[in-house]
Amino acid sequence: IVLGTAAAEAHPHVWITAKSEVVYAPDGSITGVRHAWTFDEMFTTYALQGLSTKTKGVYTREELAPLAQTNVESLKEFNFFTFARADGKKEKFVEPVDYFLEYKDSELTLHFTLPLKTPFKAKQTALEVFDPSYFIDFKFDDKDPIKLNGAPAACKMQFQRPNDGTANAQRLNENNFMNGDNSNYGAMFANKIMVNCP
């Protein structure tokens with residue numbers, strides 16, 4: 001008797017459409033990243049369950065404030081799904097600021113600014129936005145996905161979306177789970193932002 005085992009598949013449960021800004025100080029150093037993450041309708045419906053509002057179906061920024069706080073606090077455990085390198089050196093972010101939730105067209109959007117622990121100037125800055133576990137799928141918006149806010153004129157940006165095709169077609173089997181290789185599976189689906197400043 002031959003026993004067949006079904007391949008386990010890593011796949012997302014939450015879908016986010018993202019827009020981001022790399023924020024610069026007047027002296028040309030990068031101070032942080034400003035994100036706007038729009039959650040899919042199914043997750044939005046789940047997140048809003050039990051939230052009382054003055055007007056049915058209308059959610060004000062004030063009514064959404066406790067949920068926004070819960071969201072940003074829970075992001076810390078996952079490094080805010082945002083990873084930065086300055087000239088190859090890892091950079092760290094601190095607690096989000098200026099965060100709020102907005103409800104529009106049946107979707108929630110989480111807005112927040114992620115300040116860098118130490119602002120920096122670099123010839124090459126690499127930013128990646130992804131969930132290492134691939135529980136959340138980040139897709140950057142088709143229109144104006146990334147902006148450089150206040151960047152020196154000579155700085156040029158490249159944006160690379162995750163490869164569709166080979167990476168998305170891959171399946172995890174039981175061996176991947178046993179040896180821990182899936183711990184950074186989501187990196188294959190990273191959105192990569194490169195900023196080069198001469």
Side-chain angles (χ1 to χ4, degrees), residues 9-25 28-40 43 71-72 75-94 96 99 107 109-172 176 180-198:
E9 294 180 30
H11 57 88
H13 293 74
V14 178
W15 287 264
I16 287 177
T17 303
K19 285 189 173 194
S20 298
E21 290 179 37
V22 182
V23 183
Y24 287 78
S29 59
I30 296 177
T31 60
V33 179
R34 190 173 297 130
H35 288 305
W37 292 349
T38 302
F39 298 97
D40 64 271
F43 180 80
N71 277 323
V72 295
L75 288 174
K76 185 176 182 180
E77 179 184 345
F78 304 101
N79 296 311
F80 314 102
F81 302 116
T82 307
F83 308 91
R85 288 184 177 273
D87 294 328
K89 179 179 157 273
K90 274 187 185 176
E91 297 294 334
K92 288 189 163 63
F93 293 98
V94 294
Y99 56 84
E107 293 176 327
T109 301
L110 177 64
H111 298 265
F112 65 101
T113 300
L114 206 48
L116 281 154
K117 188 174 183 180
T118 309
F120 63 82
K121 288 183 184 179
K123 287 188 186 295
Q124 186 176 73
T125 302
L127 281 168
E128 290 185 320
V129 177
F130 69 98
D131 175 2
S133 71
Y134 199 47
F135 185 84
I136 299 172
D137 177 70
F138 286 91
K139 176 189 178 291
F140 270 77
D141 201 72
D142 294 330
K143 189 181 177 202
D144 298 326
I146 312 290
K147 288 183 181 172
L148 301 183
N149 187 332
C155 293
K156 302 285 181 241
M157 181 192 63
Q158 292 177 302
F159 174 55
Q160 180 187 341
R161 295 178 188 275
N163 291 331
D164 287 326
T166 56
N168 283 350
Q170 288 183 12
R171 297 288 180 254
L172 290 179
N176 293 112
D181 285 352
N182 68 315
S183 60
N184 207 20
Y185 180 72
M188 290 193 301
F189 303 96
N191 293 275
K192 299 177 182 183
I193 303 145
M194 299 287 288
V195 183
N196 293 297
C197 296

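As the structure is a prediction and not an experimental result, all values here were calculated from the model.
Ring geometry for Trp37 against Phe138 counts as perpendicular: the plane angle is over 60°, on a 0 to 90° scale with 30° as the lower cut. Between Phe39 and Phe43, the ring-plane angle classifies as tilted under the 30° and 60° cut-offs. In this pair, Phe130 and Phe83 present their aromatic rings tilted. The plane angle is within the 30 to 60° band.
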For a side chain to side chain contact (heavy atoms under 4.5 Å, CB included) check, start with the C-alpha distance between Arg161 and Phe140, then their side-chain angles and the critical distance, and finish with the verdict. CA-CA 8 Å; Arg161 295 178 188 275; Phe140 270 77; 3.6 Å; yes
Using the side chain to side chain contact (heavy atoms under 4.5 Å, CB included) rule, take Val33 and Phe93 through it: C-alpha gap first, then chi angles, then the decisive distance, then the call. CA-CA 9 Å; Val33 179; Phe93 293 98; 4.0 Å; yes
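Closest non-hydrogen pair, Met194 versus Ala126, comes out as SD-CB, 3.6 Å. In terms of heavy atoms, Thr118 sits closest to Glu91 at O-OE1, 4.0 Å. Pro198 and Lys123 make their closest contact through C-NZ, 4.4 Å (heavy atoms, listed as atom of the first residue, atom of the second, distance). Summarising the geometry of Leu116 relative to Gly32, their closest heavy-atom pair is CD1-N, 3.8 Å, with the distance given to 0.1 Å. Residues Lys143 and Lys19 share a closest heavy-atom pair of O-CE, 3.4 Å. Minimum heavy-atom separation, Ala36 to His111: CB-ND1, 3.7 Å.
Panel note: side chain Arg34, backbone Val23; no donor-acceptor pair is recorded below 3.5 Å. In this structure, Asp141 contributes its side chain and Thr17 its backbone to no donor-acceptor pair below 3.5 Å. Side chain of Asn71 to backbone of Leu110: no donor-acceptor contact under 3.5 angstrom is found.
One finds the CG atom of Leu127 at 11.0 Å from the CG atom of Asn191 (value rounded to the nearest 0.5 Å). Distance check: His13 NE2 to Ile136 CD1 gives 11.0 Å after rounding to the nearest 0.5 Å. A distance of 11.5 Å separates NZ of Lys89 from OG1 of Thr125, quoted to the nearest 0.5 Å. Between the CZ atom in Phe112 and the OG1 atom in Thr82 there is a gap of 5.5 Å [rounded to 0.5 Å]. With rounding to the nearest 0.5 Å, the separation of NZ in Lys121 from OG in Ser29 is 6.5 Å. A distance of 11.0 Å separates CD in Gln124 from CZ in Arg85, rounded to the nearest 0.5 Å.
For the pair Pro96 and Thr113, the minimum side-chain heavy-atom distance is 4.5 Å or more.
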Give every donor-acceptor pair under 3.5 Å between a side-chain atom in residues 146-159 and any protein atom, sequence neighbours left out.
unit_1	atom_1	unit_2	atom_2	d
Asn149	ND2	Glu21	OE1	2.7

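Under the rule for a side chain to side chain contact (heavy atoms under 4.5 Å, CB included), the partners of Lys117 that lie at least two apart in sequence or sit in another chain are Lys92, Val94.
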